[in-house]
Amino acid sequence: MKNYFLWRNRVPITGAVLLLISAHFLWSGVRPDQRAARPRSLVMEGLAPVQIAAARLTEGGTGIIHDYLDLVGVQQENTRLRAELAREETQRARLAELEAENLHLSDLLELKQALALKAVAANVIGADASGLARTVVVEGGSDQGFEAGMAVLSTEGVVGKLIAVGPTSSRVLLINDHNSALDAFDQRSRVRGIVAGMVDDGLVIKYVDRSEDVKSGDTIVTSGLDGIFPRGLLVGEVSAVLREGPGLFLTVNVAPAADFRRLEQVLVLTQKIPQPPPAEPKG
Amino acid sequence: MRLVALFSVLTLIALAIQTTAIRWLPLSALMPDLVLVLAVDLGLRHRRALAPIMAFAMGYAMDAFSGSQLGINTFAVTLTYLGAYEVGVHTSATGPEAGAVLAFVAVLVQNLGGFLISTQFGAPNQLGVLLPAALLQATVTAVVAPTVLQFTAAVQRTIGLTQQRRTRGWTTRGA
């Protein structure tokens with residue numbers, strides 16, 4: 001009788017057991033280096049050639065259309081100038097940061113070291129499979145020295161960090177994903193906070209006290225204290241500061257500097273940033 | 001084995017489309033969730049113990065390309081399979097229209113439930129912001145679902161993969 005029941009309900013029972021296993025994955029928070037997560041990189045690797053081919057096809061198709069529409073090469077010139085402008089913007093933010101560092105008597109040498117890290121360029125070959133999360137797949141993996149947790153940048157600013165690394169492809173968690181967080185500060189007022197992603201693709205700075213001086217238009221840069229991103233990299237610009245409502249903290253919305261929908265090439269920092277020495281106990 | 005081979009290939013094609021074509025669209029929510037449609041197809045048409053295992057594997061594969069947390073898509077796709085299976089067993093609604101409704105509900109549950117789980121129920125106030133995008137993706141998925149289901153039905157007929165109908169446990173094989 002028991003066997004009859006099991007046989008009769010074998011499909012829902014199998015499904016229920018599998019649901020429990022997937023719930024276990026969820027609640028236990030499987031890390032990328034654990035056994036249950038390893039086949040994931042195999043799947044990623046399996047699909048990487050298709051994604052690379054599709055990315056090349058997109059580039060080729062876009063190129064033909066652009067060349068047709070723009071016979072005299074204005075498009076290429078425009079692209080070059082935009083890239084140059086973006087570089088100038090990043091440079092300007094870095095210079096302003098250097099100036100601010102001098103004013104606050106901080107260690108300039110540390111910043112110079114932070115900006116002279118080894119980096120590898122990588123093509124973006126795929127986006128997130130669902131509409132909810134914000135991740136991209138890049139060409140390049142452990143063969144190029146990539147490791148989970150490494151910082152990913154673009155010429156416009158901070159992009160995200162590696163969360164899964166296969167031999168030839170890796171996945172990047174973008175800073176506008178709702179599970180992403182990085183330590184940053186306001187370049188003008190030096191107010192620190194945690195920049196987190198929001199579901200509407202924007203960013204928000206968490207844990208900023210209501211009494212702090214933060215204004216729309218302020219530049220937000222990385223603090224270097226999270227051990228992932230070097231200090232002084234452009235994150236974005238404050239787009240709104242909401243002082244109304246309950247709670248201890250301000251709501252500070254930030255427009256990201258990087259355009260995540262147009263990412264084509266990124267820079268992966270393959271060298272860990274130097275950590276500040278631990279504070280010595282007083283007394 | 002034909003079931004495993006067919007749905008493995010279809011899942012890889014769906015993932016390739018979802019991860020590459022999304023870059024050409026103005027909004028990521030305009031990309032239909034084809035893997036969930038395949039799970040609905042599996043639930044409505046296949047009543048063997050191998051089918052939920054296949055759904056689990058499809059969700060796991062989707063987890064390789066989505067989000068930062070392993071298990072969200074595995075859970076959602078397996079749950080979608082079970083939902084479609086129960087609908088198929090207890091009602092006579094196994095056509096493309098039923099598939100469209102199931103796909104609509106599955107996308108909503110996946111998006112909203114996935115968000116709540118990944119934030120550990122810490123930001124329910126942001127659900128309102130997420131809802132329009134979730135509804136849009138659910139609608140787009142429901143619109144394309146009948147075409148996908150008809151296509152997969154045709155492929156299954158071509159390779160001789162029979163559909164199993166009605167009663168739970170003692171399956172009957174139909175055309």
Side-chain angles (χ1 to χ4, degrees), chain A residues 4 7-19 21-32 34 36-37 39-44 46-47 50-51 54-55 57-58 124-135 137 163-164 171 173 177-180 198-201 261-262, chain B residues 12 14-16 18-24 27-31 33 35 47-49 51-53 55-56 59-76 78-79 81-82 85-86 107 110-111 114-115 117-119 123 126-127 129-130 133-134 136-137 168-170:
Chain A
Y4 172 75
W7 173 252
R8 194 173 154 76
N9 293 290
R10 65 194 186 282
V11 175
I13 288 170
T14 310
V17 169
L18 293 169
L19 267 185
I21 294 171
S22 48
H24 170 71
F25 286 163
L26 271 176
W27 300 125
S28 62
V30 177
R31 291 195 302 274
Q34 285 178 324
R40 200 153 69 144
S41 67
L42 287 178
V43 178
M44 215 164 72
L47 209 57
V50 180
Q51 290 177 315
L57 199 70
T58 312
V124 176
I125 56 169
D128 196 277
S130 77
L132 177 67
R134 302 284 177 261
T135 65
V137 183
I163 53 166
R171 214 145 59 84
L173 180 69
D177 185 275
H178 59 267
N179 281 319
S180 183
M198 292 172 77
V199 288
D200 62 353
D201 283 358
R261 290 197 62 80
R262 291 177 197 281
Chain B
L12 282 179
L15 282 173
Q18 281 176 229
T19 56
T20 52
I22 203 166
R23 295 168 70 191
W24 306 332
L27 283 172
S28 56
L30 286 172
M31 174 52 71
D33 200 324
V35 177
R47 312 277 162 71
R48 57 185 90 165
I53 296 170
F56 179 86
Y60 189 94
M62 196 171 169
D63 267 330
F65 292 96
S66 177
S68 55
Q69 211 170 353
L70 182 66
I72 288 182
N73 292 297
T74 314
F75 190 88
T78 312
L79 191 65
Y81 168 81
L82 279 177
Y85 170 82
E86 290 298 333
V107 173
Q110 187 206 31
N111 275 296
F115 174 74
I117 291 169
S118 66
T119 57
Q126 286 198 45
L127 275 182
V129 183
L130 181 65
L136 180 61
Q137 193 185 24
R168 174 182 285 179
W170 306 108

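Sequence lines set the chain letters: A, B, ... in the order given, protein chains first and strands last, and positions in each chain run from 1.
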Report task. Look up atom OG1 in Thr14(A) and atom OH in Tyr85(B), then write down how far apart they are to the nearest 0.5 Å. Result -> 9.0 Å

**Report entry** Top contributor to chain B contacts, counting heavy-atom pairs under 4.5 Å, from Ala129(A), Ser180(A), Ala133(A), Gly15(A)
**Finding:** Ala129(A)

Report summary line: Counting heavy-atom pairs under 4.5 angstrom with chain A, the leader among Met62(B), Met31(B), Gln110(B) is Met62(B)

Query raised in the report: Side chain, backbone, both or neither: which part of Ala61(B) has an atom under 4.5 Å from a heavy atom of chain A?
Result: both

Query raised in the report: Side chains of Ser22(A) and Thr74(B): donor-acceptor distance under 3.5 Å anywhere?
Result: no

Query - Proximal component of Leu18(A), with respect to chain B [non-hydrogen, under 4.5 Å] - result: both

**Report entry** Ala16(B) versus chain A, the contacting section by heavy-atom distance below 4.5 Å
**Finding:** both

Query - Under 4.5 Å from a heavy atom of chain A, the part of Tyr81(B) involved - result: side chain

**Report entry** Non-neighbouring partners of Leu82(B) that pass side chain to side chain contact (heavy atoms under 4.5 Å, CB included), sequence neighbours left out
**Finding:** Leu19(A)

Report task. Check whether any side-chain heavy atom of Ile117(B) lies under 4.5 Å from a side-chain heavy atom of Leu26(A), and answer yes or no. Result -> yes

Query - Side chain, backbone, both or neither of Val11(A) within contact of chain B (heavy atoms, under 4.5 Å) - result: both

Report task. With a 4.5 angstrom heavy-atom cut-off, could you sort out which part of Ala49(B) is near chain A: side chain, backbone, both or neither? Result -> both

Requested in this report: Let me know if Arg134(A) has heavy atoms under 4.5 Å from chain B in its side chain, its backbone, both or neither.
Outcome: side chain

Requested in this report: Go through the atoms of Ile13(A) and report whether side chain, backbone, both or neither lie under 4.5 Å from a heavy atom of chain B.
Outcome: neither

Query - Heavy-atom side-chain contact between Phe25(A) and Tyr60(B) under 4.5 Å - result: yes

Query raised in the report: His178(A) vs Phe115(B) aromatic rings, parallel, tilted or perpendicular, using cut-offs 30° and 60°?
Result: perpendicular

**Report entry** Sequence-distant partners of Arg171(A), salt bridge (Lys or Arg N to Asp or Glu O under 4.0 Å), two or more places apart
**Finding:** none

Query - Residue among Asp33(B), Val35(B), Ile53(B) with most heavy-atom pairs under 4.5 Å to chain A - result: Ile53(B)

Report task. Under 4.5 Å heavy-atom distance to chain B, tell me which part of Thr135(A) shows up: side chain, backbone, both or neither. Result -> side chain

Report summary line: In terms of heavy-atom contacts, Arg10(A) and Arg47(B) come closest through NH2-O, 4.0 Å

